[in-house]
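Throughout, a chain's letter reflects where its sequence line sits, starting with A, and its residues are numbered from 1.
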Number of protein chains: 2
Amino acid sequence: MKIEEEIKQSKFNNAKEKALVNIIYTANAVEDAFKKSLKSHGISLPQYNVLRILKGRKDGYATCGDLKEVMLDKNPDVTRLCDKLVTKKLILRSNNKSNRRQILLKISDKGLKTLEEIYPHFSAVNELLSHVPDDRLEILSDTLDMIRENLQ
Amino acid sequence: MKIEEEIKQSKFNNAKEKALVNIIYTANAVEDAFKKSLKSHGISLPQYNVLRILKGRKDGYATCGDLKEVMLDKNPDVTRLCDKLVTKKLILRSNNKSNRRQILLKISDKGLKTLEEIYPHFSAVNELLSHVPDDRLEILSDTLDMIRENLQ
DNA sequence: CGCGAATTTACGTTAAAACGAAGAATATTC
DNA sequence: GAATATTCTTCGTTTTAACGTAAATTCGCG
C-alpha cells in the first residue's frame with residue numbers, strides 16, 4: 001500500500017517530506033518484523049546486534065566504545081545493555097590490563113549457540129523482500145546513503 | 001558515507017539484508033534530526049505528530065483510535081501521550097455524547113500556535129534533502145512501499 | 001430484553017530509553 | 001612531574017515504551 005493510504009494523508013507537501021515519513025514508517029515495520037522473530041528467544045533487537053557485532057570481531061573482543069560507534073541506535077547505554085547479556089550468560093566481561101578504563105566484552109559459547117538458533121528466523125525476515133528486485137534494493141541503499149549525507 | 005563504512009561492516013550477505021539495516025540506520029538519523037529541531041519546544045516526535053494529525057482534521061476532532069490507526073509508531077499508548085499534551089494545554093479533551101466510550105481530542109489555539117512556531121525548523125530538516133533529486137526520492141518511496149508489502 | 005462478544009479507553013506494572021553527571025584511568029601540556 | 005584535559009565506563013533519576021489486563025460502553029442476536 002502506498003504511504004499516503006497507510007497513514008491516510010491525502011498528500012505530502014513535497015517528495016522530501018514524503019520520503020522522510022516513509023523511511024520512519026517503514027523502519028518501524030522492519031523493526032517490528034525483527035522483534036517478532038526475536039521474541040521467542042527473549043532478547044531485544046539491540047541485544048541481538050551486540051551479539052552479532054561481538055561474533056564478527058576477529059579477536060573476539062570489543063569495548064563498550066567499539067559497540068557504541070557501530071550500533072544502529074546512537075548513544076545507547078551500552079553498560080546496562082550488556083548487563084542483561086551478562087546476566088543471561090550470553091557474553092563475558094573482563095578487564096583490559098593495558099587500559100584499565102576499558103572493559104572487554106566477548107561473546108560466550110551460549111551466545112554463539114543462541115545466534116545460530118536465531119539465524120534462520122532472521123533470514124526469514126530478509127526473505128520477505130524477495131519480491132523486490134535486487135537492483136532496486138541497491139538503488140534504495142544508495143539513495144539512503146545520500147540522504148544521510150547532510151543529516152548527521 | 002556508505003552504510004558499510006558507517007557501521008564498519010565489511011560486507012552484507014545480500015542486498016536485502018543491507019537494505020533493511022540501511023533503512024533502520026537511516027530512520028534513526030532522520031528521527032534524531034527531527035528530535036533536535038523539536039527539543040527547544042519541549043515536545044517529542046510522537047507528540048508533534050499528534051498535533052499535526054489533529055490540525056489536519058476537517059471537523060477538528062479525533063478519537064484515540066483514530067490517532068492509533070494513523071500514527072507512525074504502532075500501538076502507542078495514546079491515552080498517556082495525550083495526557084501530556086493536555087497538561088501542556090496544547091490539546092483539549094471532551095466526551096462524545098453519541099458514543100460514550102470515546103474521548104474526543106481537539107487541538108487548542110496554543111497548540112496551533114506551537115505548530116506554527118515549529119514549522120520552519122521542521123521544514124529546515126526537509127531541506128537537508130535538497131541535494132537528492134526528487135525523482136530519486138520518488139523511486140525511494142515506491143521501493144519502500146514495496147518493501148512493506150509482505151512485512152506487516 | 002438479556003446475554004455474550006466486540007470496541008474503546010485507561011491503568012498497573014515492568015522494562016527500556018534519555019539525559020546528565022560522576023569517577024576512575026590515561027594523555028597532554030607546560 | 002604536576003596540573004589540566006580527555007577518554008571510557010558507570011550510575012541516578014526522570015521519561016517513555018511495552019504489555020497485558022481491566023472497566024465501561026456499545027453491538028448483535030436469539
Gap between atoms [atom1] and [atom2], on [X] and [N] respectively (whole Å):
X        : N      : atom1 : atom2 : answer
A:Lys84  : C:dT14 : NZ    : C1'   : 11 Å
B:Leu67  : C:dT9  : CG    : P     : 9 Å
B:Asp77  : C:dT13 : CG    : P     : 15 Å
B:Asp32  : C:dC19 : CG    : C1'   : 14 Å
B:Lys39  : C:dC19 : NZ    : C1'   : 8 Å
B:Arg100 : C:dA10 : CZ    : C1'   : 17 Å
A:Gln102 : C:dA24 : CD    : P     : 18 Å
B:Glu31  : D:dA17 : CD    : P     : 11 Å

How do A:Lys97 and B:Asp66 order along DNA chain C: which one's closest nucleotide is nearer the 5' end? B:Asp66
With sequence neighbours excluded, give me every side chain to side chain donor-acceptor pair (under 3.5 Å) pair touching residues 111-125 of chain A.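 Side chain to side chain donor-acceptor pair (under 3.5 Å) check on residues 111-125 of chain A returns no pairs.
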Whether over 12 other heavy atoms sit under 6.0 Å from A:Asp109 CG: no
Looking at the side chain of [X], which of [options] is the nearest nucleotide?
X       : options                : result
B:Arg80 : D:dG12, C:dA6, C:dG12  : C:dG12
B:Lys35 : D:dA18, C:dA10, C:dA18 : C:dA18
B:Thr79 : D:dT25, D:dT9, C:dA10  : C:dA10
B:Asn99 : D:dC11, D:dT6, D:dT25  : D:dT25

Are A:Ile23 and B:Leu151 in one and the same hydrophobic cluster, where Ile, Leu, Val, Met, Phe, Trp and Tyr link if side-chain heavy atoms are under 4.5 Å apart? yes
Assigning hydrophobic clusters by single linkage (Ile, Leu, Val, Met, Phe, Trp, Tyr; side-chain heavy-atom cutoff under 4.5 Å), is A:Ile53 placed with A:Phe122? yes
Categorize A:Thr63 for me: base, sugar-phosphate, or nothing, with a 4.0 angstrom heavy-atom threshold over every strand shown. sugar-phosphate
Tell me the salt bridge (Lys or Arg N to Asp or Glu O under 4.0 Å) pairs involving residues 121-149 of chain B, sequence neighbours left out?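 Only A:Lys2-B:Asp142, A:Lys2-B:Asp145, A:Glu6-B:Arg148, A:Lys18-B:Glu138, B:Asp145-B:Arg148 qualify under salt bridge (Lys or Arg N to Asp or Glu O under 4.0 Å).
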Taking atom types as they are modelled, would you say the side chain of B:Arg101 forms a donor-acceptor pair with the base of D:dT25 within the 3.5 Å cutoff? yes
